[in-house]
**Q** 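Just dropping this structure here.
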Amino acid sequence: MALALQQAEAAWRVGEVPVGAVVVDAQGQVLGTGYNRTITDHDPTAHAEIVALRAAARHLNNYRLPGISLYVTLEPCVMCIGAMLHARLARVVYGAADPKTGACGSVLDVGAVARLNHHTTITGGVLAEPCGDLLRRFFRERRTKESLA
């Protein structure tokens, strides 16, 4: 999660919402990293998780990632958890809960839908305080800048 936080900080430096993600194999080898790039890439799908999944899939030359874990600083949205389920990830670990768009229990719980053909282990709240604090500081700074403009 520490590496995911570093990715989130990189997002902030380029003006993106600070969310970072890291994909690792069972031995802990990093297969892909990513941070939010929606503004930079003019791409509504360029969330940190999607960027990291794409990098890992390219690294392994396979769109399926069984036995693989993804760490992300913010609870995934519906699009991202959907992509993770399609990739057949073994585990998803997130930091801060997202009370507005979280799809791992905060607003929806996509992973708990029994009818889906794949399920992954989801763990939330890992380093939640530093993950959430980074987001709060970012938005506080953004609001301050907007009020001065």
Side-chain angles (χ1 to χ4, degrees), residues 1-25 28-111 118 120-149:
M1 190 61 80
L3 185 52
L5 273 164
Q6 290 174 9
Q7 289 292 305
E9 291 166 357
W12 187 341
R13 285 193 296 274
V14 297
E16 296 278 357
V17 174
V19 177
V22 179
V23 177
V24 299
D25 66 15
Q29 177 186 352
V30 174
L31 303 175
T33 62
Y35 57 81
N36 274 1
R37 300 184 53 83
T38 57
I39 298 165
T40 303
D41 292 350
H42 310 287
D43 180 355
T45 70
H47 290 193
E49 302 96 307
I50 302 298
V51 173
L53 283 171
R54 287 174 179 158
R58 279 191 305 272
H59 179 83
L60 295 175
N61 202 29
N62 193 343
Y63 73 99
R64 292 220 170 138
L65 306 172
I68 305 297
S69 298
L70 183 142
Y71 293 81
V72 60
T73 57
L74 182 64
E75 180 181 359
C77 70
V78 172
M79 174 186 69
C80 291
I81 193 63
M84 292 173 209
L85 292 173
H86 281 290
R88 308 295 197 264
L89 288 182
R91 186 169 80 151
V92 175
V93 179
Y94 68 87
D98 185 347
K100 294 186 178 187
T101 64
C104 295
S106 290
V107 176
L108 299 171
D109 195 352
V110 174
H118 178 75
T120 185
T121 302
I122 300 173
T123 304
V126 176
L127 295 181
E129 198 56 39
C131 292
D133 185 55
L134 185 65
L135 286 157
R136 285 186 290 276
R137 288 186 294 125
F138 172 81
F139 285 112
R140 188 177 316 121
E141 181 180 289
R142 181 182 268 184
R143 284 189 299 274
T144 302
K145 285 180 181 177
E146 288 174 359
S147 69
L148 297 174

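Given the structure is predicted, the values throughout are model-derived calculations rather than measurements. All residue numbers in this chain count up from 1 along the given sequence.
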**Q** Compare all side-chain heavy atoms of Y35 with those of V51 and state whether any distance is below 4.5 angstrom.
**A** no
**Q** Suppose we screen for side chain to side chain donor-acceptor pair (under 3.5 Å). Which residues come up paired with R88, at least two apart in sequence or across chains?
**A** none
**Q** Report the C-alpha distance between Y71 and V24 in whole Å, list the side-chain angles of each, state the deciding distance to 0.1 Å, and finish with yes or no for side-chain contact (heavy atoms from CB on, under 4.5 Å).
**A** CA-CA 8 Å; Y71 293 81; V24 299; 3.6 Å; yes
**Q** To check you understand the geometry: which heavy-atom pair defines the closest contact between A11 and P18, and what is its length?
**A**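 For A11 and P18, the tightest heavy-atom pair comes out as CB-CA, 3.9 Å.
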**Q** Is the shortest side-chain heavy-atom distance between L135 and V19 below 4.5 Å?
**A** yes
**Q** Grab the two heavy atoms, one from T45 and one from R54, that are nearest each other, plus how far apart they are.
**A**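 That closest heavy-atom pairing would be OG1-NH2, 3.3 Å.
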**Q** How long is the gap from CZ on R140 to OG1 on T144, to the nearest 0.5 Å?
**A** 8.0 Å
**Q** What verdict does the side-chain contact (heavy atoms from CB on, under 4.5 Å) test give for I81 and C104, after you've listed the backbone C-alpha separation in whole Å, the side-chain angles of each residue and the deciding distance to 0.1 Å?
**A** CA-CA 8 Å; I81 193 63; C104 295; 4.0 Å; yes
**Q** Can you list every side chain to side chain donor-acceptor pair (under 3.5 Å) pair that touches residues 121-136, not counting sequence neighbours?
**A**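 For residues 121-136: E129-R136, D133-R137.
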**Q** Within this structure, what is the CD-OG1 distance for the pair E49 and T73, rounded to the nearest 0.5 Å?
**A** 7.5 Å
**Q** For the atom pair CE (M84) and NE2 (H86), what is the distance rounded to the nearest 0.5 Å?
**A**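 If I round to the nearest 0.5 Å, the distance is 12.0 Å.
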**Q** Please evaluate residues L70 and T120 with respect to the criterion side-chain contact (heavy atoms from CB on, under 4.5 Å), reporting the C-alpha separation (whole Å), side-chain torsions for both, the decisive distance (0.1 Å), and the verdict.
**A** CA-CA 11 Å; L70 183 142; T120 185; over 6 Å; no
**Q** Say whether, by atom type as modelled, one donor and one acceptor occur between the side chain of H118 and the main chain of A87 under 3.5 angstrom.
**A**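 No.
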**Q** Minimum heavy-atom separation for A52 and G34, please, with both atom names.
**A**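 The pair with the smallest heavy-atom distance is CB-N, 3.8 Å.
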**Q** Taking the side chain as C-beta and beyond, is there a heavy-atom pair between H59 and Q29 under 4.5 Å?
**A** yes
**Q** To the nearest 0.5 angstrom, please state how far the CE atom of M79 sits from the CD1 atom of I50.
**A**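 Answer rounded to 0.5 Å: 4.5 Å.
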**Q** Over all heavy atoms of both residues, which pair between G32 and A55 is shortest? Give the atoms and the distance, please.
**A**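 Smallest interatomic distance, heavy atoms only, reads CA-CB, 3.8 Å.
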**Q** Would you name the heavy atoms of S106 and A97 that are closest together and state the gap between them?
**A**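 Closest approach of S106 to A97, heavy atoms only: OG-CB, 3.6 Å.
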**Q** CG of L53 to CD1 of I68: how many Å apart, nearest 0.5 Å?
**A** 10.5 Å
**Q** If the test is side-chain contact (heavy atoms from CB on, under 4.5 Å), which one of V126, V72, L5, L74 qualifies with C131?
**A**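 Option passing the side-chain contact (heavy atoms from CB on, under 4.5 Å) with C131: L5.
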**Q** How many angstroms lie between atom NE2 of H47 and atom CD of E16, to the nearest 0.5 angstrom?
**A**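 Going from the NE2 atom of H47 to the CD atom of E16 covers 10.0 Å.
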**Q** Considering non-hydrogen atoms only, spot the tightest contact between E75 and D98 and give its length.
**A** OE1-N, 2.9 Å
